[in-house]
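The structure displayed is predicted, hence computed values, not measured ones.
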Amino acid sequence: IALLACAALVIVAVRSFRGNKRVFYFIGFFFATLSPASNLILLIGSVMGERFLYLPSIGMAALAVVIWQSQDRRIAIGAASLIVAALAARTHARNSDWLDRGRFWRTAQEAAPGSYKTNLAAAINSTLLTQKDWDSTVSEVGRAMAILDPLPDARNAAIGYRGAGVVYRTLGDKVASGGSGGKPAAGTSPEYWYRKSLNALLRSEKIELAQDESGRAENRNGKRLFTTIPSVLYLELGRTYSRLSDAAHALEAFEQGRKLESDPDLLEETAAAYSAAGDPRKAAAALVEALAVDASRVHLNAKLVELYTKIDPDGCAVNRDDPAPSLNVDCPMVHTDICAASKNVANSYLRTGQRSESESIRRTAVQELGCAPELL
């Protein structure tokens, strides 16, 4: 129906070129402003959205005025009233979809069942409270993967597999906690879902690596090229390895993500993994780095005091004379860790092409924290 309507508009525009140039212009305006988001000329990564019609609707509104002026006013008023009433009713119905994310994405999935994005988003935003929720979630992730699986790595969507990995791990957590309450949980173990999570995340990594290498090859022009692989991929991989009690691979994943970006969430998970592995010094270094990126994470101070108390029980790392123990930033051990963290953060910004932020971190480390310039 939409295709026929567009074809009819084109015919009207062509026939109006000589007789009514306003009709020709406003129909042309509609198609010209719609085309960048149409996925016909360039794939934009979004299937549909009301926002894509904001500018094209100006052309339609102007066309309606032209038609209004050329017709009997009573007929025009009647037709306009019916259209406005219909659109108002549709808007009212659509507004209810925005009441919660779960309902929003279920409606999107019903409207575009052939999109991996809508299926996966509906699964991610499921509450998993009932058997129906569980069944729908498993089916939606399965449909999303069925859409993506046939595609080669160069044309695939790594973010889709990453999302699937998160959903599968969530299902495993539900089974582990006994909170799934459904038949699928009775026949599966947490490890079953964690393995599915791991497989999806490893496929995501494979796609990311292939596309990153392809991008570097296409853009190699003598300048330094920056990776496009997101650190969150390795954060999710590390979390899934941790669920599988594979501490070595979890730490390897966290450290790989850390090489890409000094992300505070990833650094906190890295610190927890090192603590569990019995290495409080590396755990403390990761938390110092997290604070260097995001100073608002004040809850990390207590963890750092606890860690440095273990690392340096009789040394200067912790001020024990204060009413509440605190870090002694002038202690050589703590100061060394702070400077090393500043260096890591500065290099992280450089790897992502944020040169000014990198220079700012280096300048602060030297001028305010007293770090030696050559160490940075």
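- There is no path of hydrophobic side-chain contacts, each under 4.5 Å, that joins Ile77 to Ile67.
- Between Arg297 and Asp294 there is a salt bridge, with a side-chain nitrogen of the basic residue lying less than 4.0 Å from a carboxylate oxygen of the acidic one.
- The backbone N or O of Asn156 sits less than 3.5 Å from a side-chain atom of Gln211, completing a donor-acceptor pair.
- By the 4.0 Å N-to-carboxylate-O rule, Arg162 lies too far from Glu236 to be salt-bridged with it.
- Arg320 contributes a side-chain N or O that, together with a main-chain N or O of Val318, makes up a donor-acceptor pair within less than 3.5 Å.
- Between Glu255 and Arg258 there is a salt bridge, since at least one side-chain N of the basic residue sits less than 4.0 Å from a carboxylate O of the acidic one.
- In the hydrophobic clustering of ILVMFWY residues, with side-chain heavy atoms under 4.5 Å counting as a link, Tyr25 and Val10 come out together.
- Looking at Glu50 and Arg94, a side-chain N of the basic residue comes within less than 4.0 Å of a carboxylate O on the acidic one, giving a salt bridge.
- Tested against Tyr194 for a side-chain hydrogen bond (donor to acceptor under 3.5 Å, both in side chains), the candidates Asn199, Asp246, Asp173 yield a single pass: Asp173.
- Residues passing the side-chain contact (heavy atoms from CB on, under 4.5 Å) test with Ser242 are Ala250, Phe254, sequence neighbours excluded.
- Note on Asp100 versus Arg103: no salt bridge recorded, every NZ/NE/NH1/NH2 to OD/OE distance being 4.0 Å or above.
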Evaluate side chain to side chain contact (heavy atoms under 4.5 Å, CB included) for Ser204 paired with Ile159, printing each intermediate quantity in order. CA-CA 7 Å; Ser204 178; Ile159 192 173; over 6 Å; no
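- In this structure, Arg195 pairs ionically with Glu191, as a charged nitrogen and a carboxylate oxygen lie closer than 4.0 Å.
- Annotation: side-chain hydrogen bond (donor to acceptor under 3.5 Å, both in side chains) contacts of Asn328 (sequence neighbours excluded): none.
- Within 6.0 Å of CD1 on Ile311 lie more than 12 heavy atoms contributed by other residues, nucleotides or ligands.
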